[in-house]
Amino acid sequence: MATDKIVEQATGLAEGAKSLAENAEALAAQVSQLSVQASGGTDVFVFYFTIFVLACFVGYYVVWSVTPALHSPLMSVTNAISSVIIVGALIAAGPDDMSFSKVFGFIAVVLASVNIFGGFIVSQRMLSMFKKKK
Amino acid sequence: MATDKIVEQATGLAEGAKSLAENAEALAAQVSQLSVQASGGTDVFVFYFTIFVLACFVGYYVVWSVTPALHSPLMSVTNAISSVIIVGALIAAGPDDMSFSKVFGFIAVVLASVNIFGGFIVSQRMLSMFKKKK
Amino acid sequence: MSENLSAFAYLFASVCFIMALRGLSSPLTARMGNIYGIVGMIVAVVTTLAAPNVLSFSMILLGMLIGGAIGTIIALKIEMTALPQLVAAFHSLVGLAAVFVAAAAFYEPAAYGIGVPGDIHVASLVEMSIGTAIGAITFTGSIVAFAKLQGLVSGAPVVFAGQHALNAFLGLLMIGLVVWFCGEESTALFWAIVLLAGVIGLLIIIPIGGADMPVVISMLNSYSGWAACGIGFTLANPALIVTGALVGSSGAILSYIMCKGMNRSFFNVILGGFGADDAAAGPAGGDGDKTVRQGSADDAAFIMKNAGSVIIVPGYGMAVAQAQHALREMAELLKAEGIKVSYAIHPVAGRMPGHMNVLLAEANVPYDEVFELEQINRDFASTDVAFVIGANDVTNPVAKTDPASPIYGMPILDVENSGTVLFVKRSLSPGYAGVDNVLFYRDNTMMLFDDAKTMCEDIVNALGSM
Amino acid sequence: MSENLSAFAYLFASVCFIMALRGLSSPLTARMGNIYGIVGMIVAVVTTLAAPNVLSFSMILLGMLIGGAIGTIIALKIEMTALPQLVAAFHSLVGLAAVFVAAAAFYEPAAYGIGVPGDIHVASLVEMSIGTAIGAITFTGSIVAFAKLQGLVSGAPVVFAGQHALNAFLGLLMIGLVVWFCGEESTALFWAIVLLAGVIGLLIIIPIGGADMPVVISMLNSYSGWAACGIGFTLANPALIVTGALVGSSGAILSYIMCKGMNRSFFNVILGGFGADDAAAGPAGGDGDKTVRQGSADDAAFIMKNAGSVIIVPGYGMAVAQAQHALREMAELLKAEGIKVSYAIHPVAGRMPGHMNVLLAEANVPYDEVFELEQINRDFASTDVAFVIGANDVTNPVAKTDPASPIYGMPILDVENSGTVLFVKRSLSPGYAGVDNVLFYRDNTMMLFDDAKTMCEDIVNALGSM
Ligand SMILES: NC(=O)c1ccc[n+]([C@@H]2O[C@H](COP(=O)([O-])OP(=O)(O)OC[C@H]3O[C@@H](n4cnc5c(N)ncnc54)[C@H](OP(=O)(O)O)[C@@H]3O)[C@@H](O)[C@H]2O)c1
Ligand SMILES: NC(=O)c1ccc[n+]([C@@H]2O[C@H](COP(=O)([O-])OP(=O)(O)OC[C@H]3O[C@@H](n4cnc5c(N)ncnc54)[C@H](OP(=O)(O)O)[C@@H]3O)[C@@H](O)[C@H]2O)c1
């Protein structure tokens, strides 16, 4: 009887193990499928690269369409928007605990803010001067 | 002895099951991590949408830069390149075994090919007529 | 081919397509642009053929051979004057192809990685049904446009009471069907969408007059671009998305340019009915009580031979009469006499954008003798003769003077400012817009009533024997 | 904020930045464009602040307050004539910020999801080191540019033997360091890259003359854009990538436009040394043996009052003298007399692109009286007086006639074709290119030797008392 019981338990365990193994297999399959699905099998880098290439075309066309009379404001506007690098600074300055990284982030936030405010305000000042004949 | 052996086996099985369970857990963790990593936590749709938006800007600028004298060739060139839909047809016509899908794919391949060849050749014919003063 | 590599290849193809359109910014780079387009297409096709799930090539090859042969033959045989029809016909094929691709994806979703039959991702179902619907509309719409342009059916607008209400109802029905389909995912609903979209395509194009077809074609072109985008999302293929956006923008911008050139709103064109009362509007101008000065080929030859400069204004009639070769010959003779000859092209002269430029190019007129409206309009005042051949609306000054006229506000070529205006046409009947042209009755106008080609040939003879 | 939502927000910000530059296609839409830019920036910042790993806001707020206050004060106080310096100074800050962001990512890679300290993904290391290097070059380079423009150091090019060899060597060393860094990933190497890049930035800018600084600034602007792109790849942030590409293109195109306007190759500018032998080139023209006709403010006032049309050609001297207000006053008086006054702007007049336009706008000159070279150049022939104020090179006809001249091939304003040419400048000394201007010795030229502002005020007085 004791033997019977033990055999039964062993069988139960074996089955449990089998189903676990199956589960594990299913999960493994899922893993590989997910990693394909999530990005269609392509690295995210490729997406960012595609975005980069298209953005270069947009940049090319949009800048050539700027009227020469506004080339100075163009310089200050691009200067202002290039400070969008502040997003990197914010992430660095974001954590609660102090670190080298947080200090660097803080400095970068200050620098980028000078640019953002300075750039947009100077552009606005310049642009508000351009008036049509009354 | 027999009992001992069975108990041993049972213990072995139990351990196996445990390690399997652990494996499964690790895999599950991997699944969730992978699905995040593969796309940095963003759905691929967002990437395609970004590509779409940038492509609209490129399309806008590139078409406005076409000289009016070449608007007819523009129509035939866009007609030809819009047949790039053939990539969808090729995937449908690709499998080895016959199916509805394969038939549809075949028809689409024929239609798109008419367009590709017709469109590019007619464009080339038109464009080769545009000559400078000798 | 790895997924990454093929993604780069598709990106390369997209860039090629962008460069193809970019090339069209000047006749000098246009042929190179076309080559870019061809390269992009080859790269896209080869990349797809190298995909792991494309295994059987015989049928694909057969399809490409059949399609390629048909396309090549058509492209080589077609007359340049039949371009509008050709473009319409080709569009209908793109639309149909889009429907079949969507159907294939619906029947075998696994091949596209969008789920399994009966359980396709909802996002894909939405994209798919939009792609299908637009594809089917493009198909039947382009067929109607083709038939009207080719003269297979009358170009007159087909209007009936309750037309717009019916279209609106069918549109709503369509939206309902799509929503239902995305929930149910049944085969019957899929084909119902195809059918209904086909009917809608038919109905929205029949009320539009034959001459408005170019706007329609561009619009359908734009649609087919967005359909390609939709399917591009389904297939997760960036090349399709980018190309779709390019084609979509191109069609939209061309429609816009045409509508602006005609000074009509896009909705005015699309709601149709324009040109229905041609016959009524025509005689209303009244041509009985005013006098016109009529001339012969000899008169025209004499006047031009004694001129210092001539501007030729071609229009739809030149295309119909295929007069471009005879016209170029005439221009050559005049140039040989030391007379300055140039061509002025109105943005909507003829029946499709750039129509006149292609015809003149076909007749070997160098493109640097051909000018756009803004470039040349001021020069009419200092020109001795404006030779208007088969054009009418694009020279009609009522566009500037009569706010009640349907063409009011449309920019026109100021031929009236030149010393003498020669009008080559067969009668006093109005042009496309059905508006009488006040220039016919001016003192400095001479009408040369004849077919455009015959008249040019006669003038050539007259110039030769002078 | 979910990752998807923030991705859309960044896309929105990118579109705003595109619209910001797009707005600059016309003065009418430019202010709206700037608003788009501001909105885009706010969206980008707020989206980042809402990210799950941004927890402490006090320091961020402090930083933004300090930076914002400094930026606002500078922007409100700055004179429009100091724009070139200002842009250079701002660029140096962007470069430095890029360096600090890269450093932060290097010290705390986990925050950016690019690995753990000591085991950063190689791709990220490459992107990071390129971003850092370009950032540091931009920083020191812009500092030098600023110092030269502000007059803190001499604008003269600093040249020494073996300069190019040294730069090339340092460039190679840089590449070596980057490769080493990507393998070793040591802190020391990171800072070595920063240091070396800083030195390179210094060395490549010092040989370039002060007046070539605008090209340099644009080039650095372009660099900073590509640095932002590199960091955008590291942070997987599409807004940074798109903005970087916009800024990169903008800088590259502006440099190209300037080089073309000066008819010099980009390499010629970058390799430097131009303007080193100003002193030698100047007198070589020989001004002793030729006669010039000199005039007074009264003469100028008399000539212009009796003219039918006057074209004003401003140049660098107007900016230096801050003469734009007095000039506009003079123009108003002439216009009150019924004289047609317009302004002709050469693409490289002044010291930065669009420099003259901003100064004239500052003095309330309406922008529709201000014309680009191509628009107005033909009108000089039918104009009575060309009033050239502080401009020199951009009017020098040797650019058309003397292939040996350094400005040969540069397009110029054909002031020589007008009835009388009035030149306002302080002496016969040449302009930026160091080339003697043959127009000074022409019969229809009258020199008005004085500071531009003083001269304008004197003419205003003369006109008033006439
Ligand atoms: N280009 C486009 O993209 C586009 C698109 C849509 C609509 N449209 C419209 O099309 C019109 C184009 O103006 P258009 O001035 O070129 O043409 P039009 O105003 O339609 O006039 C064409 C004239 O050509 C004459 N004609 C026809 N066949 C001829 C032949 N065989 N020989 C000689 N003359 C012949 C006709 O007069 P007879 O019958 O007396 O000979 C007619 O008056 C505009 O109203 C425009 O809005 C253009
Ligand atoms: N715009 C750009 O983006 C850019 C960029 C780089 C280089 N550049 C170069 O800059 C030059 C611009 O040409 P430009 O014709 O405007 O200037 P320019 O040729 O440099 O001549 C400026 C003239 O202004 C005179 N001047 C200086 N201060 C003055 C004052 N206070 N009052 C009156 N006159 C004064 C000087 O003569 P006196 O000393 O006799 O008074 C000088 O001849 C071109 O050679 C261009 O290639 C332009």
Side-chain angles (χ1 to χ4, degrees), chain A residues 48 51-52 55-56 58-60 62-63 65-79 81-85 87-96 100-101 104-124 126-127 129-133, chain D residues 17-18 21-22 24-25 27 30-31 34 37-38 41 44 48 53-56 59-60 63-64 66-68 70-72 74-75 87 90 93-94 96-98 100-101 103-104 107-108 111 224 228 231 233 235 238 241-243 245-247 249-250 253 353-354 357-358 361-362 366-368 372:
Chain A
Y48 289 119
I51 290 173
F52 171 70
C56 288
V58 175
Y60 175 87
V62 91
V63 173
S65 77
V66 172
T67 165
L70 295 178
H71 274 161
S72 290
L74 172 66
M75 290 178 95
S76 67
V77 171
T78 53
N79 185 50
I81 66 173
S82 69
S83 319
V84 71
I85 198 148
V87 301
L90 293 176
I91 293 173
D96 265 331
F100 266 134
S101 171
F104 293 154
F106 174 73
I107 302 177
V109 168
V110 175
L111 295 174
S113 300
V114 174
N115 247 313
I116 294 177
F117 283 78
F120 280 124
I121 292 176
V122 123
S123 309
Q124 196 68 23
M126 264 193 254
L127 293 175
M129 290 170 183
F130 281 84
K131 290 197 204 75
K132 241 193 139 85
K133 200 162 8 194
Chain D
F17 294 145
I18 296 174
L21 297 197
R22 185 169 153 61
L24 294 173
S25 59
R31 260 155 293 172
N34 204 36
I38 294 171
M41 190 58 77
T48 313
N53 42 350
V54 177
L55 302 163
S56 114
M59 223 161 137
I60 290 177
M64 294 198 351
I66 298 177
I70 300 177
T72 308
I74 296 178
V87 172
F90 278 168
L93 301 185
V94 178
L96 195 57
F100 277 113
V101 170
Y107 277 82
E108 208 79 70
S224 75
I231 290 178
F233 275 102
L235 307 189
I241 296 178
V242 172
T243 313
L246 289 179
V247 176
S249 317
S250 155
I253 290 175
N357 304 79
V358 172
E362 189 198 3
Y367 62 78
D368 33 10
E372 305 296 327

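Naming convention: chains lettered A, B, ... in sequence-line order (proteins, then strands); numbering from 1 in each chain. Just so it is clear, the structure is predicted and the values come from calculations on it, not from any experiment.
Between atom OG1 of residue Thr78(A) and atom CD1 of residue Ile253(D) there is a gap of 11.5 Å, rounded to the nearest 0.5 Å. One distance of note links OH of Tyr60(A) with OG of Ser250(D); it measures 13.5 Å at 0.5 Å rounding. Atoms CD1 and CZ, on Ile85(A) and Phe100(D) in that order, are 12.5 Å from each other to the nearest 0.5 Å.
Among Asn79(A), Val114(A), Val110(A), the one residue that satisfies the side-chain contact (heavy atoms from CB on, under 4.5 Å) test with Leu93(D) is Val114(A). In summary, of the residues considered (Val63(A), Val62(A), Val66(A)), a side-chain contact (heavy atoms from CB on, under 4.5 Å) with Arg22(D) occurs for Val62(A) alone.
Of the residues considered (Val242(D), Ile231(D), Asn53(D), Val94(D)), Val94(D) shows the highest number of contacts with chain A, using heavy-atom pairs under 4.5 Å. Heavy-atom pairs under 4.5 Å with chain A peak, among Glu108(D), Glu362(D), Met59(D), at Met59(D). Of the listed residues Ser224(D), Gly37(D), Ala228(D), Ala111(D), the one with more heavy-atom pairs under 4.5 angstrom with chain A than any other is Gly37(D). Your options are Leu96(D), Ile60(D), Ile74(D), and the one with the most heavy-atom pairs under 4.5 Å with chain A is Ile60(D). Among the candidates Ala245(D), Ala103(D), Ala104(D), the residue making the largest number of heavy-atom pairs closer than 4.5 Å to chain A is Ala104(D).
Between the Ser72(A) side chain and the Pro353(D) main chain, a donor and an acceptor come within less than 3.5 Å of each other. Side chain of Arg31(D) to backbone of Phe130(A): a donor-acceptor contact under 3.5 angstrom is found. Of the possible polar contacts, none joining the Asn34(D) side chain to the Val77(A) backbone as a donor-acceptor pair under 3.5 Å is found.
Both the backbone and the side chain of Met64(D) come within less than 4.5 Å of a heavy atom of chain A.
Counting all heavy atoms, side chain and backbone alike, Pro366(D) lies closest to Lys132(A) at CB-C, 3.6 Å.
Taking the six-membered ring for Trp and thresholds of 30 and 60 degrees, Phe233(D) and Tyr48(A) have ring planes more than 60 degrees apart, a perpendicular arrangement.
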